[in-house]
Every structure is written in C-alpha cells, then in structure tokens.
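To start, the structure under review is shown below, and the notes come after it.
Naming: A, B, ... by sequence-line order, numbering from 1 per chain.
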2 protein chains.
Amino acid sequence: MADVPTRLRLLNAAIDHFGRLGLHGASTRAIAREADTPMSSITYHFGGKEGLYLAAADHIASEIANRAGPALEQVRAMCAEPPTPAVARNALHLVFAHMVGVIVSPETAAFARFILREQADPTEAFTHLYSGAMRELLARLAALLRTISHDRLGEQDSRLKALTLMGQLLVFRVARAAVLATTGWREVGAAEVDEIRRSIADNLEAICDRLEAGGQR
Amino acid sequence: MADVPTRLRLLNAAIDHFGRLGLHGASTRAIAREADTPMSSITYHFGGKEGLYLAAADHIASEIANRAGPALEQVRAMCAEPPTPAVARNALHLVFAHMVGVIVSPETAAFARFILREQADPTEAFTHLYSGAMRELLARLAALLRTISHDRLGEQDSRLKALTLMGQLLVFRVARAAVLATTGWREVGAAEVDEIRRSIADNLEAICDRLEAGGQR
DNA sequence: GTCTATAGTCGGATAGAC
DNA sequence: GTCTATCCGACTATAGAC
C-alpha cells in the first residue's frame, strides 16, 4: 500500500472522481490531490484529462475481467463439451451466485458508478468496457439459457432473457438507495447479500423450470 | 408550447442538465441559456442552484406519479377487497406491462438520469423522489407477490422479490448501451418494447407459477 | 519523473436598473 | 418578473525549473 506507483494512484483516484462527477464534472486538481501528486503529472502520464479518462476505463475493464474470471473459467470448463440442460442450469446458478457478491461488494462500487455513467452517455470508453468484460459474460449467459430451453429459445430471445436476469442483480447496485429504503436495511452486508442471493436463485429456478419444460416461447 | 412559463422552462432544462452532469457538474448559466432566460431568474424563482435542484426532484416525482397513476389506480381498484392469488397475478402483469412502456419511453429518459444519479449519491432530494412515487409502487408489488404465494412469502422476502422484478425493467433503462450492443438493436422502439414486454411477462409467469405452487420459500 | 507558476476560461452569486 | 454588469473563486493547460 505504501509504494503504489503514481500512475496507479492516479487511476484509482480518477475512477472514483470520474464515477461520481463525470468527465466534465471531475477536476484534475482534485484527482491529483487525492493521488498526492501535482496536477501536471496527469499531463505527463496520460496526456491530459481525457487520456486519464480512457485509461481509467481500460483499467476498470481489466479489473472486472480479473474478478469475473474465475466464474467464467469454470463455466467455460463445464461447457467444454456441449452441456446438457442440467449442466447448463448448474452453470447458470454458479455464475449468478458469484456475480451477486461481485456486483454488491463495496470494492466494485466505484467501478459501477463509472460504468453506469458511461452507459447513460456513452463515449469511446464504453467500447473498451463492453468488449473487455461484459460481452463474453452476456453471451455465455444467453448460450446457457438456450441450452436449458432445449434450443427452443431463439438467439435474440435468449439474449434478452440474459439481460433481464442481469437486471435482477443490477438493481441492488444502481438503485441501492431505493433498496435500503424499501427493505429497511442500513447497509448491504454479508447477511443481506445472502438474502439477495436466495431470492435471485429462487427466480432463476422458476425461470429455468419453465424454460426446460417448454413454455410458450 | 409557445407560452410555457419561465419557471417550467427552467425546471425542464434543469432536469436535463442535472441528470446529465449532476448538481456540481451542471451550470446554471447553461440551464438558463437553454430555458432562454437570464441566469439571475434562477435566483429569483428558486433561490439558487440547490433550490432549483430540489424543485426539479419534486417536479419529477409528481410527473412520475402522473404517469404511473393510471396503472396504480387500476391495481388499487382490483385490490379493493382482498384479492385472490389469480386476481393478484393479473394485477401484477398489468403493472409490468404498463411500466415497461413508461420506463423505456424517451420522455422519461431525463427523469431516469436524474433519479439514477440521485441514487448513486443520495441527497435530500432522494426522499422527495422515493416518497413521491416509488414507495407505493414497490409496496403494492410486494403485497401482490405475497398474495400470489398464499402468504407463504415473508414480508421482507416479498419486498426483495419486488425489487428483483423491477430490476428486470430497469436494466433496459440504465444499461441501455449494453442492451443495444448485446441485441444489435439500433434503438429501443415500439417493436423492441414489445419483445421486452414478452420476455418479462414470461419471467413473471414462471416466478408466479413457482410462488403459487409453493416453492421452498 | 516530479513539481511550481501562470495564463486564460468559465463557474455561481449578487446588486441594482427597468 | 426580467435582465445587465460585475466580483471572485475554481477550472484546464502549459511552460519551464529541478
């Protein structure tokens, strides 16, 4: 902790400030102050404010890839040979149980703010974020859902369903204030994450049941 | 359109600018310019930047209450006498079919940005937003879910499930960029909204089936 | 690589004319 | 109610010392 390079200190401070205030709203002075380095070192390391912004996006993408990596790796292994619906179902549960922890964890809060803002008003940085971490995850989820449905679900339908499922997680990140107000929780700690995980697993079961049995779509 | 009072023009411009840039990031000069009035009229009408911000939150809350009103009214009517699970199920579908349109519509985009930002970093304005529109909706959803489950679902569990269900909608608003990238859509128009509505209705059916039959929770 | 100093722009608030 | 003029602070960028 004591010997973090200036470049990295700047990136961490940048993710925090840009996430809260946006590209325009954040100030390089404040970022530099938090990183305990003069403002002009931003020019030196990243060429300027926008360079720092893009570098922050790339840094987030690689950090997320690291965190989602273990779960994705496991799913890749389970799907090495074409999986049965039962195996796919297992894999789906695995991914979600893991993602709940990742998405709700305080360490990813700053990442989430940055990504959220970028989605609201996408710039060049969004491509970096999407290609870096989200695309494979969503594609894998969609493929699992299709398998579970015995391929009755169309490709587009399975992508849509993957998105709705991710939404069940997302709400606990992006609407945290409403979540706290509704549940009466004071924070989202380990006990609360378990409750969320159970509720979502329950929904997953229900949706998989219907998919596997063959509902009307 | 031609004769909108200055106060209202300022509110609309404020919602747009604050939603995109936040309280600090937005500039009263730019807001006033868009409202085609001098900056000092903000001082006159709202006392300053923060007064304008709070007024914008109140205005959003009442606009949302207007839009969600019809659906909520219908649900209230259906629940006048304690509803059967089948009636509750109908009501649930009704609310969601309506909310999909509301949440995804371009007119509410500015509202969504404002609320999103406020959730990420709640200020006094959040209370206004939550009490004004969200609370009753979430409470009604939770009550419907409980009824559907024959009261097997606990109060807290039903609130959590209401939140996960709202998440399925939310994702199409807050992660629009990812939605477009994943589906290949170029916009979320009427045809796309119908697909979303079908996918979510399908999930609802699945979850209600499980709830009504009595899953493990 | 790191820091200081400075130039030029734009921000919010306010006083006071009409 | 509406507008102009002005104050002062904060911002980004950059030149140049070490």
Side-chain angles (χ1 to χ4, degrees), chain A residues 1-59 110 113-114 117-118 120-121 123-125, chain B residues 1-60 110 113-114 117-118 120-121 123-125 128:
Chain A
M1 208 61 174
D3 202 25
V4 183
T6 300
R7 200 190 139 81
L8 194 55
R9 290 203 314 278
L10 276 172
L11 281 175
N12 287 328
I15 289 168
D16 191 45
H17 284 241
F18 284 136
R20 288 180 201 279
L21 303 166
L23 173 57
H24 298 293
S27 114
T28 53
R29 282 165 131 86
I31 292 171
R33 199 183 314 129
E34 186 173 315
D36 197 32
T37 181
M39 189 189 54
S40 50
S41 71
I42 289 176
T43 314
Y44 176 76
H45 285 286
F46 304 99
K49 200 188 199 185
E50 292 196 10
L52 178 56
Y53 187 80
L54 282 178
D58 282 329
H59 189 245
R113 274 192 296 266
F114 192 105
R117 188 173 299 273
E118 188 54 36
D121 219 347
T123 70
E124 185 193 339
Chain B
M1 205 63 173
D3 202 27
V4 182
T6 300
R7 200 189 139 81
L8 194 54
R9 291 204 314 277
L10 276 172
L11 282 175
N12 287 328
I15 289 168
D16 191 45
H17 284 240
F18 284 135
R20 289 181 200 279
L21 302 166
L23 173 57
H24 298 294
S27 113
T28 53
R29 283 172 134 88
I31 292 171
R33 198 182 315 129
E34 186 172 316
D36 197 31
T37 182
M39 189 187 54
S40 50
S41 71
I42 289 176
T43 315
Y44 176 77
H45 284 287
F46 305 100
K49 198 186 197 184
E50 292 195 10
L52 177 57
Y53 187 81
L54 282 177
D58 283 329
H59 190 245
I60 288 176
R113 275 192 296 265
F114 191 105
R117 188 174 300 273
E118 188 54 34
D121 218 346
T123 69
E124 186 193 339
H128 298 220

>> From OH of B:Tyr44 over to C1' of C:dA13, roughly how many Å is that when rounded to an integer?
In response: 18 Å
> How would you label the contact of A:Ala32 with the nucleic acid (heavy atoms, under 4.0 Å): base, sugar-phosphate, or nothing?
Replying inline: nothing
> At under 4.0 Å between heavy atoms, what does A:Ala30 touch on the DNA or RNA strands: base, sugar-phosphate, or nothing?
Replying inline: nothing
>> Can you measure A:Arg33 atom CZ to C:dT4 atom P for me and round it to whole angstrom units?
In response: 14 Å
> Going through the checks in order, is the side chain to side chain contact (heavy atoms under 4.5 Å, CB included) test met by A:Leu8 and A:His59?
Replying inline: CA-CA 9 Å; A:Leu8 194 55; A:His59 189 245; 3.6 Å; yes
> What pair of heavy atoms forms the shortest contact from A:Ile15 to A:Phe114, and how long is it?
Replying inline: O-CD1, 4.1 Å
> In whole Å, what is the span from the CD1 atom of A:Ile31 to the C1' atom of D:dC11?
Replying inline: 12 Å
> Whole-Å distance between D:dT2 P and B:Phe46 CZ?
Replying inline: 11 Å
> Over how many whole Å does the gap from A:Leu10 atom CG to C:dC3 atom P extend?
Replying inline: 11 Å
>> Testing the basics here: between A:Thr6 and A:Ser41, what is the closest heavy-atom pair and its distance to 0.1 Å?
In response: CG2-OG, 4.3 Å
>> Assess the residue pair A:Glu118 and A:Tyr53 against the criterion (side chain to side chain donor-acceptor pair (under 3.5 Å)); give the C-alpha distance rounded to whole Å, side-chain angles, the decisive distance to 0.1 Å, and a yes or no.
In response: CA-CA 11 Å; A:Glu118 188 54 36; A:Tyr53 187 80; 2.5 Å; yes
> Which atom pair, heavy atoms only, marks the closest approach of B:Lys49 to B:Leu23?
Replying inline: NZ-O, 2.8 Å
> Which pairs count as salt bridge (charged side-chain N to carboxylate O under 4.0 Å, His left out) when at least one residue sits in residues 24-37 of chain B, sequence neighbours excluded?
Replying inline: none
> Phosphate oxygens OP1/OP2 of D:dC11: is one of them under 4.0 Å from a side-chain N or O of A:His24?
Replying inline: no
>> Check this for me: does any side-chain nitrogen of one of B:Asp16 and B:Arg20 sit under 4.0 Å from a carboxylate oxygen of the other?
In response: yes
> Rounded to the Å, how far apart are A:His45 NE2 and C:dC3 C1'?
Replying inline: 12 Å
> With the sugar-phosphate defined as primed atoms, P, OP1 and OP2, and the base as all remaining atoms, what B/S/- string results for nucleotides 13-18 of chain D, 5' to 3', for protein heavy atoms under 4.0 Å?
Replying inline: BB----
> Quick one: A:Phe18 CZ to D:dC11 C1', roughly how many Å, whole number?
Replying inline: 13 Å
>> Nearest to the side chain of B:Ser27, heavy atoms from C-beta on, is which of D:dT2, C:dT2, C:dG11?
In response: C:dG11
> Could you give the CZ-to-P distance, from A:Arg7 to C:dG1, as a whole number of Å?
Replying inline: 10 Å
